[in-house]
Amino acid sequence: MTLSDEKRQELIRVASQARTRAYAPYSNYQVGAALLTKNGETFTGVNVENAAYSDTICAERSAVFSAVSAGAREFDAIAIVTRNGGAPCGSCRQVLSEFGLDIEVLQADEGENLLQQSTVKDLLPGAFLSQDLLE
Ligand code: THU
């Protein structure tokens, strides 16, 4: 479903609030994400870093895992807030692709300005999908 501009801005606000809870003592690059389900629920996620750096989890995947853990699997959009409107990493694109190529991806900066609007399909052409496992 296509979102209204008001709904997009609201999702960015929720992601921005979540971002205050990011745990990023090593990179100091705080990321907040807000994932909107098709029935109007919102799940948030933040990056959670670790002294063993590679054990860090990104905000977007935190949000997806939180939603799926609560039983939600159908999503319309994800807002991602960073200080500069940075892009979602490849692993997060792949994880999002599992749940829909048409999910809207909104990248915003710390001023809650929407800098980039795209879809998972735009960001990850040729995603590895469940049908690739057949034959
Ligand atoms: N990070 C995210 O949370 N999402 C992304 O898509 C890109 C990177 C986090 C991981 C790490 O805690 C910090 O940003 C710097 O890479």
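Side-chain atoms are counted along with the backbone in the values below, which use heavy atoms only and exclude waters and symmetry mates. Since we're looking at a predicted model, the values are computed, not measured. When a ligand or atom number is given, it counts from 1 through the structure's own listing order.
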Undergrad: Could you tell me the residue and atom name of the protein heavy atom closest to atom 8 (C) of ligand 1, and the distance to it rounded to 0.1 Å?
TA: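 Here the nearest protein heavy atom works out to C58 SG, 3.9 Å.
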Undergrad: Is any N or O atom of A59, backbone or side chain, closer than 3.5 Å to an N or O atom of ligand 1?
TA: yes
Undergrad: Mind checking the CD1-CG spacing from I80 to N47? Nearest 0.5 Å is all I need.
TA: 11.5 Å
Undergrad: To which of V48, N47, V46 does the heavy atom nearest atom 9 (C) of ligand 1 belong?
TA: N47
Undergrad: Using a strict cut-off of 4.0 Å, indicate which atoms of ligand 1 neighbour a heavy atom of P88.
TA: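 What qualifies from ligand 1 is 6 (O).
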Undergrad: Pull out every atom of ligand 1 sitting under 4.0 Å from any heavy atom of V31, numbered as shown with elements.
TA: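 Selected atoms, number and element: 1 (N), 2 (C), 3 (O), 9 (C), 14 (O).
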Undergrad: Give the residue and atom name of whichever protein heavy atom lies nearest to atom 11 (C) of ligand 1, and the separation in Å to one decimal.
TA: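 Among all protein heavy atoms, the one nearest atom 11 (C) of ligand 1 is E49 OE2, 3.3 Å.
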Undergrad: Consider every N or O of C89 and every N or O of ligand 1, then say whether any pair is closer than 3.5 Å.
TA: yes
Undergrad: Give me the ring orientation class for F75 and F99: parallel if the planes are under 30° apart, tilted from 30 to 60°, perpendicular past 60°.
TA: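 It falls in the perpendicular class, over 60°.
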Undergrad: Under 4.0 Å, heavy atoms only, figure out whether ligand 1 is touched by the backbone of S27, its side chain, both or neither.
TA: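 Contact part for S27 vs ligand 1: side chain (C-beta onward).
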Undergrad: Is atom 16 (O) of ligand 1 close to the protein, meaning a heavy atom under 4.0 Å from it?
TA: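 Within 4.0 Å of atom 16 (O) of ligand 1, no protein heavy atoms are found.
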Undergrad: Out of curiosity, T82 OG1 to D109 CG, how far, rounded to the nearest 0.5 Å?
TA: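 One gets 7.5 Å once the value is rounded to the nearest 0.5 Å.
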Undergrad: Which of these, Q107, R61, E60, has its nearest heavy atom closest to atom 4 (N) of ligand 1?
TA: E60
Undergrad: Taking all non-hydrogen atoms of both residues, which atom of C92 and which atom of C58 are closest, and how far apart?
TA: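 That would be SG-CB, 3.4 Å.
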Undergrad: Tell me if a side-chain donor or acceptor on E74 pairs with a main-chain N or O of G100 at a distance below 3.5 Å.
TA: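 Such a contact is absent between E74 side chain and G100 backbone.
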Undergrad: Might you point out which heavy atoms bring L3 and D76 nearest each other, and give the distance in Å?
TA: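 Looking at all heavy atoms of both residues, the shortest contact is CD1-CB, 4.0 Å.
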Undergrad: Any atoms of ligand 1 less than 4.0 Å from a non-hydrogen atom of Y29? List them with their elements.
TA: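 What qualifies from ligand 1 is 13 (C), 14 (O).
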Undergrad: Could R13 and E10 be called an ion pair, given the rule that one side-chain N must be under 4.0 Å from one carboxylate O?
TA: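 Between E10 and R13 there is a salt bridge, with a charged N closer than 4.0 Å to a carboxylate O.
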Undergrad: Is A24 near ligand 1, meaning one of its heavy atoms is under 4.0 Å from it?
TA: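 It does not; every heavy atom stays at 4.0 Å or beyond.
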Undergrad: What is the minimum heavy-atom distance between A127 and L101, and which atoms define it?
TA: CB-CD2, 4.4 Å
